[in-house]
Amino acid sequence: MEEHLLGLNPKQREAAMHTDGPLLIIAGAGAGKTKTITHRIVNLIKQGVAPENILAVTFTNKAAKEMRERIVIEIEKNAKGQNKIPFVSTFHSLGVYIIKENAQLLGLSRHFTILDESDAISIIKETVKELNLDPKQYEPKKIKNIISREKGKFVEAGEFMQDSQSYFGKVVAQVWPIYESKKKKENSLDFDDLLLKATKLLKEKEDIRKMYQDRWKYIHIDEYQDTNEVQYKMAKLLAENHQNICVVGDADQNIYSWRGANLKNILSFEKDYKDSTVVFLEENYRSTQNILEAANEIIKKNKFRPEKNLFTKNATGEKISLYEANDEGDEAEFVAVKILEIMDGERDELSEVAILYRANFQSRVLEEAMLRYNIPYQVLGVKFFERKEIKDTLAYLRAALNPENLSDIKRIINFPARGIGKATLIKIFAKDFESIPIKTRIKIDNFYKILEEIREKIKESSASDVIKFVIKKSGIEQELLEGGEEEKERLENIKELATLALKYNNLENGLGVEKLLEDASLASDQDSIMLNEEKKEKVNAVKLMTVHASKGLEFKHVFITGLEDGLFPHQKRGELSNEDAEEERRLFYVALTRAKEKLFLSFANFRTIFGSRQINAPSEFLSDIPADLLERGDENPNVKTIYI
């Protein structure tokens, strides 16, 4: 056997030795997909394919960098004398490359500007104003999100204008073409244009399409289950001539439908590409047998998936701990105590511990437990008190108690929208009320009246009730309820603030709110332990993150918390559709397969949400795990652990 194929298992070797024609690699979690792609590319080079005729595309800069480095190492070992390497990039980098090479055809110079999110939103805001619309009522970010979603579907402004039916959709249809013309004047593109314009060019210009097809005769697409419509079309157009396309993915790890990822892309590969070869990578090198058996039992209930069964030669490993907590505080206590056991004599192990949760609001009580037990931790994402919606709510409290605090007034006077502009704000701060139009003065008076009512409420009510009053009286609740899933998640976080405030309810005469504000300020000053990527320092701290954020990562010890019906699986409103239910199950599968050695599962009989104590049923997922894989996880003799 040739040296570059040594170290591969039979299925990895089969995929690596495949050369011509479409290839679908179904790679289970921890099955060595990057290693397989790397060796396949090296094998192509060894078989005489020029490196410049090979393209490899993935989703993140980190993944692209890792793949590129591995390919270089393998080429140096197994294809000596070769001084060229394949084109390895993200989808967006590939788009930039194609656009730059054909900039004149698109009416751009090679040195076009790529707008970041805030730049794009600023242009949209300017456009909204020019149309004599109120950017507070027609929020530029919402308009940008709709445009972004449509571009991901390979839809352009003209097509959207014809199809838009809703009133807000008609506003977007007005804004979008002007936004595009402004970008063109500035020689700029937004992030979504990098994919849309490159793909449109490939579709409409046969000579350009043929040029890239001849350049990249062998194409590799990583994480194919995460591709949206425009990425799918780009790959298909590049591969349509030679049909030498290799895609790698796992339908069981498709968890980004809300970003436009289309599961049908990987499920339909064999229909899209005739005479395809399919290779299953089912040997897992990451997890113990017990963890894999639980994961297999969970995912096999899904119908929209190719049948596969992960296995491993790793040890059987420890059983999965299942803890039935009394409430979320008890659950956090359990997690902290178990981490202390892991730390005992092995402090370096902290970087190998992850606490996962379904919704961001769950992090607050877990963070408190980490602080209480002096356990170093790092939140992947924004810490609870640093989230915008939490800061906004607390700003109402501070402004009510101290109306001279101009920073808080500036922060909240237009959230929710009240139509009070910057010029008016300057006049308010200068106490120049006489020059403000009467209609605007009424809006300002109403705002200060809200602050006055909050101030009175603080004096007479509990801290938790004050939070509830603030989000209703200010209009925050209504504003977020009318938004999309992101806004509803923000509302859940504010409701968690009301839950947190319960512990201050024993303090009267406004002291509860004052103490809450004091503690919140101190907590937001707590610096989380961050990775210093430039120095390549590995931070020895427990990682807290949502399950979505954990994809692609692995840890020795993993805690999956909040396994309650309605929370995980998450049920935002009404019954879950079949598609949503399967995605929730895939999300749990991803969570399970992050663990290498030890897995802890927990749920709470009672959880306080929005200040109300609720009785919870255990997650349906728990009943799908065979009882012989589970063990008692409790340390509190007053709390029993159940087997489901």
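- The backbone N or O of Leu567 sits nowhere less than 3.5 Å from a side-chain atom of Arg358 that would complete a donor-acceptor pair.
- Proximity of a side-chain donor or acceptor of Glu582 to a complementary backbone N or O of Lys303 within less than 3.5 Å is detected.
- At least one donor-acceptor pair under 3.5 Å links the side chain of Glu328 to the backbone N or O of Thr608.
- Without hydrogens or angle criteria, Glu487 side chain to Gly484 main chain gives a donor-acceptor distance under 3.5 Å.
- Tested against Val88, the residues Arg68, Glu66, His220 include a single side-chain contact (heavy atoms from CB on, under 4.5 Å) partner, Arg68.
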*asked:* Using the rule given for side-chain contact (heavy atoms from CB on, under 4.5 Å), can you reason through Asn314 versus Gln289, listing the C-alpha separation, both sets of side-chain angles and the distance that settles it, and then say yes or no?
replied: CA-CA 6 Å; Asn314 292 340; Gln289 290 180 27; 5.5 Å; no
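- Salt-bridge formation is not detected for the pair Asp250/Lys33: no Lys NZ or Arg NE/NH1/NH2 atom is positioned less than 4.0 Å from an Asp or Glu carboxylate oxygen.
- Salt bridge Arg490/Glu486: absent, no basic N to carboxylate O contact under 4.0 Å.
- Glu620 and Arg585 are joined by a salt bridge, as a carboxylate oxygen and a charged side-chain nitrogen come within less than 4.0 angstrom of each other.
- Formation of a donor-acceptor pair under 3.5 Å by the Thr58 side chain with backbone atoms of Ala64 is not found in this model.
- Judged by distance alone, with hydrogens and angles left aside, the side-chain atoms of Glu584 form no donor-acceptor pair with the main-chain N or O of Ala581 at under 3.5 Å.
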*Run the numbers on Thr499 and Glu496 for side-chain contact (heavy atoms from CB on, under 4.5 Å), then give the verdict.*
CA-CA 5 Å; Thr499 298; Glu496 180 65 4; 4.0 Å; yes
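- For the pairing with Glu352, the salt bridge (charged side-chain N to carboxylate O under 4.0 Å, His left out) check across Lys598, Lys556, Lys596 returns one residue only, Lys596.
- Qualifying side chain to side chain contact (heavy atoms under 4.5 Å, CB included) partners for Glu297, counting only residues two or more places apart in sequence or in other chains: Lys300, Pro626.
- In this structure, Asp330 contributes its side chain and Ala325 its backbone to no donor-acceptor pair below 3.5 Å.
- In this structure, the side chain of Ser268 does not engage the main chain of Asn265 through any donor-acceptor pair within 3.5 Å.
- One finds the CG atom of Leu24 at 11.0 Å from the CG atom of Asp272 (value rounded to the nearest 0.5 Å).
- With Leu263 as reference, Asn254 is the one residue of Thr227, Asn254, Asp226 to meet the side-chain contact (heavy atoms from CB on, under 4.5 Å) rule.
- Aromatic pair Phe600/Tyr323: ring centres not closer than 6.0 Å.
- Side-chain atoms of Glu282 never come within 3.5 Å of backbone atoms of Phe311 as a donor-acceptor pair (strictly under, hydrogens ignored).
- Between Glu492 and Lys488 there is no salt bridge, since no side-chain N of the basic residue sits under 4.0 Å from a carboxylate O of the acidic one.
- Checking Gln225 against Tyr256 by side-chain atom types alone, no donor-acceptor pair falls below 3.5 Å.
- Ring planes of Phe191 and His92: parallel class, angle under 30° (limits at 30 and 60°).
- When the shell of 6.0 Å around CG of Asp275 is examined, it contains 12 or fewer heavy atoms from other residues, nucleotides or ligands.
- Under the 3.5 Å distance criterion, the side-chain polar atoms of Glu324 are left unmatched by any main-chain donor or acceptor of Asn605.
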